[in-house]
Amino acid sequence: MASIILMGIKHCGKSTQANLISKKLNLPSYDTDTVMEKLSGKSPREIYSQDGPEAFMDWETKACMSIQAELAEKGTDAVIATGGGICCNEKAVSILKTMGRLVFLVAPEKTAADRIVREANVTPDGTLKNIPAYIAKKNPSTLDDVRRIFHEFYLERNGLYSHICNVAVRMENEGKKQNMGRILKALGM
């Protein structure tokens, strides 16, 4: 067996599925965002907004290297959930490819956009807060702007993930366990 590396846009179910699959297969579970935070002392959002995209990708790469080293030391495979933009980080992706199979979790666009909008906060002065950095940097002024910007990223990132992943699995609006079954079936498990 090899590690199972879950990829896809924000809110496609990577962390949820990593936890479910790791329990089912009795494997450790990792989240690259959590490892980044542990290593850097900052949340991924803080790294990106305070230090910029290059620093973010450096920490993301360090997180993948840390997971790789820990798995080698333990002599085990794992289930790994990645950050939504890892498809743009060639160094991190190349490390992950050495560890196992890359699985693209394809979320319906509306489902992912609804989750982003649901988490967004509109302050009394009309400022949007708690939106992904890649949307925030485009300065949306309304939730409709957030959806429009997300649509552009959705198309771009889905194209990138389609090219780098070994298998793609559509995440349906069904139960989490049904989606887990789809992933395991796609991996021949």
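Sequence positions, counted from 1, serve as the residue numbers for this chain.
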Residue pair Gln50, Lys42: steps toward the side-chain hydrogen bond (donor to acceptor under 3.5 Å, both in side chains) verdict:
CA-CA 10 Å; Gln50 295 171 9; Lys42 294 181 180 181; 3.3 Å; yes
Where do Met7 and Leu96 land on the side-chain contact (heavy atoms from CB on, under 4.5 Å) test, with the steps shown first?
CA-CA 11 Å; Met7 299 182 148; Leu96 293 169; 3.7 Å; yes
Just wondering, more than 12 heavy atoms not from Asp125 lying within 6.0 Å of its CG?
yes
Mind checking whether Tyr48 and Phe56 have parallel, tilted or perpendicular rings, split at 30° and 60°?
perpendicular
Derivation and outcome, side-chain contact (heavy atoms from CB on, under 4.5 Å), residues Met36 and Ile47:
CA-CA 9 Å; Met36 282 174 66; Ile47 295 168; 4.0 Å; yes
Derivation of the side-chain hydrogen bond (donor to acceptor under 3.5 Å, both in side chains) call for Gln68 and Thr98:
CA-CA 9 Å; Gln68 182 184 46; Thr98 68; 2.9 Å; yes
Could you state the interatomic distance from OG1 (Thr61) to CD (Glu90), rounded to the nearest 0.5 Å?
10.5 Å
Give, for atom CZ of Arg182 and atom CD of Gln178, the distance between the pair rounded to the nearest 0.5 Å.
7.5 Å
Once rounded to the nearest 0.5 Å, what's the spacing between atom CD of Glu109 and atom CG of Asp114?
10.0 Å
State the OG1-CD1 distance between Thr111 and Ile116, to the nearest 0.5 angstrom.
11.0 Å
The reported gap from CD in Glu119 to CD1 in Ile131 (rounded to nearest 0.5 angstrom) is 11.5 Å
Before giving the answer on side-chain contact (heavy atoms from CB on, under 4.5 Å), spell out for Val103 and Asn166 the whole-Å C-alpha distance, their side-chain angles and the decisive distance to 0.1 Å.
CA-CA 6 Å; Val103 181; Asn166 303 105; over 6 Å; no
Any chance CD of Glu156 has more than 12 other-residue heavy atoms, nucleotides or ligands included, within less than 6.0 Å?
yes
